[in-house]
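Working notes, beginning with the structure itself.
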Number of protein chains: 2
Amino acid sequence: MRKENSTNAENQKILEMSCGLTYAVELLNGRWKVNVIWNLSKGINRYGQIKRNIPGISEKMLTQRLKDLEKEGLIIREDFKTVPPRVEYHLTEAGKELVPVLKKLCNWGAKVRKETSVSF
Amino acid sequence: MRKENSTNAENQKILEMSCGLTYAVELLNGRWKVNVIWNLSKGINRYGQIKRNIPGISEKMLTQRLKDLEKEGLIIREDFKTVPPRVEYHLTEAGKELVPVLKKLCNWGAKVRKETSVSF
DNA sequence: TACGGTACATACAATTTAGTTCGTAGTTAT
DNA sequence: ATAACTACGAACTAAATTGTATGTACCGTA
């Protein structure tokens, strides 16, 4: 958790307030986050499925990211209250609207990566 | 011939997409980074000017971000070798191509922020 | 009886990032 | 004479993120 009155936290708040761009970037900040969103946009909605679809992610990180995204209003958690447990995550409207933007970002990233990866 | 909707092809697509995307997100990662890019896109090219345009940024962070962006191939540093020193930073082609994507991200962020900032 | 599957929680350690402070050198303005 | 401006560099501290290792509860299967 972020301390309330550190310069670090202050700056984050200032940036989030200052404009839509910094707000968006702060939201996307956090490893695995876009991968989770991407999976949800593909119809992969259960914890275990997402986990299996993101090689390398730990259970803690997945749990944390899902919570983050829920807090931020990008996804909704639906608990079916069954045994064994079944929980589904879905993108909200805001989350869905982000997907095409991520696609553009993805295209740009793929292109730039090709151009700059000459050294490898 | 590879089937269009085989699991293999789907997975490959997902991986390619998520790779370009995660690559892009990693590039954007780092506080103040998009602010610097934004300033450069508006024709604010000198260290001091950028610093004055980003309230709260420290000189160390600005220096660091400029270096990062240069390494990543998004900006170029031009030293005029004068006294007092004059250095200009400019977006590369890759950097310029990112700007419209950032605009979309900005619009999305502004919209989402309005919707979710009821508490303020 | 022991294990695997479900979806997490919690304590802790390691790593990375962000921010503070002080310093450089030459020139110009007060 | 002193301060400010230019664009940084380096050492250091504070804070945040990420990862690891464990435990939880319930059920079905072998």
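Side-chain atoms are counted along with the backbone in the values below, which use heavy atoms only and exclude waters and symmetry mates. Just so we're on the same page: letters track the sequence lines, and every chain starts at 1. Everything numeric here is computed off the predicted structure, so don't read it as measured data.
- A/N11 comes within 4.0 angstrom of sugar-phosphate atoms only, judged by non-hydrogen atoms across all strands, and of no base.
- Residue B/E59 contributes atom CD, which lies 14 Å from atom P of C/dC22 at whole-angstrom precision.
- A salt bridge does not link B/R113 with A/E16: none of the charged nitrogens is closer than 4.0 Å to a carboxylate oxygen.
- Using a 4.0 Å cut-off, no side-chain N or O of B/R31 falls inside it from OP1 or OP2 of D/dA16.
- For the pair A/R52 and C/dT6, the criterion of a side-chain N or O lying under 4.0 Å from OP1 or OP2 is met.
- For the pair A/P84 and B/K60, both in contact range of DNA chain C, the more 5′-proximal nearest nucleotide belongs to A/P84.
- Note on A/K71 versus A/D68: no salt bridge recorded, every NZ/NE/NH1/NH2 to OD/OE distance being 4.0 Å or above.
- Atom CD in A/Q64 sits roughly 14 Å away from atom P in C/dA11 (whole-Å rounding).
- Remark: A/S6 is in phosphate contact with D/dA16, judged by side-chain N or O atoms under 4.0 Å from OP1 or OP2.
- B/R31 and A/N8 share a donor-acceptor pair across their side chains, judged by distance under 3.5 Å alone.
- The side chain of A/Y89 places an N or O atom within less than 4.0 Å of a non-bridging phosphate oxygen (OP1 or OP2) of C/dC8.
- Using modelled atom types, one finds no donor on one side chain facing an acceptor on the other under 3.5 Å when comparing A/Y23 with A/S18.
- For C/dA9, neither phosphate oxygen OP1 nor OP2 lies less than 4.0 angstrom from any side-chain nitrogen or oxygen of A/T63.
- Regarding contacts with the backbone of C/dT17, every side-chain N or O of B/R65 stays at 4.0 angstrom or more from both OP1 and OP2.
- Of the candidate nucleotides C/dG26, D/dA7, C/dG19, D/dA7 has the atom nearest to the side chain of B/V87.
- When rounded to the nearest whole Å, the span between CG of A/D79 and P of D/dA25 equals 17 Å.
- Each of A/M61 and A/V83 was assigned the nucleotide of DNA chain D with the nearest heavy atom; the assignment lying further toward the 5' end belongs to A/M61.
- Counting to the nearest Å, the C1' atom of D/dT17 and the CG atom of B/N29 are 11 Å from each other.
- Of the charged side-chain nitrogens involved, none lies within less than 4.0 Å of a carboxylate oxygen, so that B/E78 and B/R46 do not count as a salt-bridged pair.
- Rounded to an integer number of Å, the gap from CG of B/L66 to C1' of C/dA18 is 16 Å.
- OP1 and OP2 of C/dT6 both lie 4.0 Å or more from every side-chain N or O belonging to A/K51.
- Contact annotation for B/K67: backbone-only contact, meaning every heavy-atom pair under 4.0 Å involves sugar-phosphate atoms and none involves a base.
- Residue A/Y47 places its side chain closer to C/dA7 than to any other of D/dT6, C/dA7, D/dA16.
- Between the CG atom of B/N45 and the P atom of D/dA7 there is a distance of 11 Å, given to the nearest Å.
- Within 4.0 Å (heavy atoms only), B/S58 reaches at least one base atom of the nucleic acid.
- A salt bridge does not link B/K67 to B/E72: none of the charged nitrogens lies less than 4.0 Å from a carboxylate oxygen.
- When each of B/W32 and A/P85 is assigned the nucleotide of DNA chain C bearing its nearest heavy atom, the one mapping closer to the 5' terminus is A/P85.
- Between the CG atom of A/L62 and the C1' atom of D/dT20 there is a distance of 16 Å, rounded to whole Å.
- Computed from coordinates, the A/E10 CD to D/dA14 P distance equals 18 Å when rounded to whole Å.
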